[in-house]
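As the structure lists them, so they are numbered: ligands from 1, and atoms in each ligand from 1.
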Amino acid sequence: ILSSILYADKLEDIKKAGVLKAGVKYDFKPFGFISKSGNVVGFDIDLIKYIAKKLEVPVKFEQVTSKNRIPMIVTGEIDIAAASMTQKRSRDDVIDFSISYFFDGQAMLVLNEEKATNYEGFVDKKVGAIKGATSGENFKKLQPKAKIIYFEEYPQAVLSLKNAKIDAITTDLVWCVTQAKDSKGKLKVLEQVLSYEPYGMGISENESNFRDFINNAIQDSVTDGTYEKLYLKWFDKKPEKLPEVWPK
Ligand code: GLU
């Protein structure tokens, strides 16, 4: 027992277990969502599949939400979260992050008939945000006179917006743009960028070998062209900014 405590190593444990338990979103298209055929798909899912191939183990995908993804890493229910998660110093207290693998910023999703064009126009208005996401707190700082309405998951917020029970949803731009596109003209995006949201994969604290493995795999996906291929597949354009690649 003592030796397993002293030499516990997540990377070895995963290989021994023969499975990578990966936490992904089911409600954040195009990063993680359920396809028409009922499979979990998206940019985060494809990156995890790439990493698992390098690890030579199959993946078991677990659904996470913005709220429970960090606790699920801490308890070990999942080995890694690739879940549209912004890396922040405050979040780094209890987990570790990989290098950044995607770069976004917060925007607003509104009804097509919305007159306001930026956050200044949301005094006394209801702005939806998801529990555990960065967006509610960020917005409150910019516009303290807005009323932030919190939801457990994204689909509930979208339904509420479509029924005009709230005036906006604030979260990362790429999700907002995707929702607007899928709404057939009902929703639009206010593209004013309200924050910087670099995504990192979340892993347990102090697992240096595992973190190196993940960081190397992300970098390999850039150098072998997979990253750009997946980016094109899910975002329909070439990446403006690539994850950092360290010299060999
Ligand atoms: N990237 C933001 C965050 O980590 C918003 C997206 C999400 O809810 O996952 O909080």
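Applying ring pair (Phe, Tyr, Trp, His ring centres under 6.0 Å) to F31 and the options F235, Y101, Y231, Y26 leaves one that passes, F235.
When non-hydrogen atoms are compared, ligand 1 lies under 4.0 Å from the side chain of S66 (C-beta onward) but not from its backbone. In K25, the part holding a heavy atom less than 4.0 Å from any atom of ligand 1 is the side chain. When non-hydrogen atoms are compared, ligand 1 lies under 4.0 Å from the side chain of F28 (C-beta onward) but not from its backbone. When heavy-atom distances to ligand 1 are checked against a 4.0 Å cut-off, T171 comes that close only through its side chain, counted from C-beta outward. Residue-level proximity to ligand 1 for K88 is absent, since no heavy atom of it falls below 4.0 angstrom.
For the ligand labelled ligand 1, residue W175 lies outside the 4.0 Å heavy-atom shell. Contact annotation: E137 has no heavy atom less than 4.0 Å from any atom of ligand 1. Ligand 1 has no atom lying under 4.0 Å from any heavy atom of F31.
In terms of protein heavy-atom proximity, atom 5 (C) of ligand 1 is closest to D172 OD2, 3.3 Å. In terms of protein heavy-atom proximity, atom 3 (C) of ligand 1 is closest to R69 NH2, 3.4 Å.
Classification of K54 and D220 as a salt-bridged pair holds, one side-chain N sitting under 4.0 Å from a carboxylate O.
Residues Y50 and D224 bring a donor and an acceptor atom of their side chains to less than 3.5 Å of each other. In the model, T134 has a side-chain atom that pairs as donor or acceptor with a side-chain atom of E197 under 3.5 Å.
When only interatomic distances are considered, the shortest N/O to N/O separation between T134 and ligand 1 falls below 3.5 Å.
Atoms of ligand 1 found under 4.0 Å from any heavy atom of A83 (numbered from 1 in listed order, with element): 9 (O).
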